[in-house]
Each structure stands twice: as structure tokens, then as C-alpha cells.
Amino acid sequence: MEMKVSMKKGVGFYVRAAGSFLKGVDAREASEGQEAVEAKPPVDELKISGLGEAIVAAVIAATRAEADGLGTITKVETQYPEMTNGRSCAQILITMNRK
């Protein structure tokens, strides 16, 4: 599973999302204006990527998940891909395995 991190949402959102991917989600029935949520099993491998300013959020999400004992960071890659406007931008790719 791949989780692409951006600056549109806060860091806390991505920390919770990484935790949900690595722990799985229990099913919940609809209640008080909230929709029902179906159960989702945990993933064995999660790839977290961040581009530019979102690198910090990607690193925080991965390190928090590891600190909480949900997974282990197995690989960290950095890249400098060229964007459509001809400029380059820093990117990080973090691979985690579930404990």
C-alpha cells in the first residue's frame, strides 16, 4: 500500500492514517450522521512518500508509527525528480513493515 503525503492535511491526519493502515480498521455501524465503516485488514508493507514541504510530514508519520510499535522502517530513499515545469523537487520514500 502506498500513502502519498501532501500539505493539504495536517501531520496528525497522516499519523492516524499510517496507524490505521498498519493496525487495520474495525467495522462500525452508521450512527449520528456518520457513515458506516467496513472492516479493513492491516497491510504488511506501507510505503510513505512526501514531496517538497511534505517530506517533514512523511518522516513524522513514519517515525511516530515506529515509536508506537506498529511497524519498522526498513528502507529510506531520497530522490530529486524533475517536475512538469522543468524544475526539480526533493522527495522521500519510506518503506515500513508491520510488526
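All of these numbers come straight from a predicted model, not from anything done at the bench.
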K.L.:
S49 pairs by side-chain contact (heavy atoms from CB on, under 4.5 Å) with which of E2, Q79, E77, M3?
P.N.:
E2
K.L.:
Should the pair E66-R64 be classified as a salt bridge under the 4.0 Å nitrogen-to-oxygen rule?
P.N.:
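Salt bridge absent between E66 and R64.
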K.L.:
Is it the case that over 12 heavy atoms from other parts of the model lie below 6.0 angstrom from the NZ atom of K8?
P.N.:
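Counting neighbours around NZ of K8, 12 or fewer heavy atoms of other residues, nucleotides or ligands fall under 6.0 Å, so no.
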K.L.:
Hey, are the side chains of P42 and R98 touching, using non-hydrogen atoms and a 4.5 Å cut-off?
P.N.:
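Of all side-chain heavy-atom pairs linking R98 with P42, at least one is under 4.5 Å.
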K.L.:
With hydrophobic residues grouped by side-chain heavy-atom distances under 4.5 Å, do M96 and M1 end up in a single group?
P.N.:
yes
K.L.:
Determine, using the 4.5 Å side-chain heavy-atom cutoff (strictly less than), whether L51 and I55 are members of one ILVMFWY cluster.
P.N.:
no
K.L.:
So, taking the atom named CG in L70 and the one named CG in L46, what distance separates them when rounded to the nearest 0.5 Å?
P.N.:
10.5 Å
K.L.:
One pair to check against side chain to side chain contact (heavy atoms under 4.5 Å, CB included): K47 and L93. What are the steps and the verdict?
P.N.:
CA-CA 7 Å; K47 293 182 180 183; L93 303 164; over 6 Å; no
K.L.:
I'd like to check the side chain to side chain contact (heavy atoms under 4.5 Å, CB included) partners of T74; sequence neighbours left out, ordered by chain and number.
P.N.:
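T74: side chain to side chain contact (heavy atoms under 4.5 Å, CB included) contacts with T95, N97.
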K.L.:
I'd like a table of donor-acceptor pairs (distance under 3.5 Å, sequence neighbours excluded) in which one partner is a side-chain atom from residues 11-22, with atom names and distances.
P.N.:
| residue | atom | partner | partner atom | Å |
| --- | --- | --- | --- | --- |
| Y14 | OH | S6 | N | 3.2 |
| Y14 | OH | S6 | OG | 3.2 |
| R16 | NH1 | G12 | O | 3.3 |
| S20 | OG | R16 | O | 3.1 |

K.L.:
Return the minimal non-hydrogen interatomic distance between A58 and I94, and the atom names on each side.
P.N.:
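Heavy atoms only, the tightest pair is O-CD1, 3.8 Å.
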K.L.:
Quick one: CD on E38 to CG on D26, what's the gap to the nearest 0.5 Å?
P.N.:
12.5 Å
K.L.:
Without placing hydrogens or testing angles, list every side-chain donor-acceptor pair under 3.5 Å for residues 81-91, not counting sequence neighbours.
P.N.:
| residue | atom | partner | partner atom | Å |
| --- | --- | --- | --- | --- |
| N85 | OD1 | R87 | N | 3.0 |

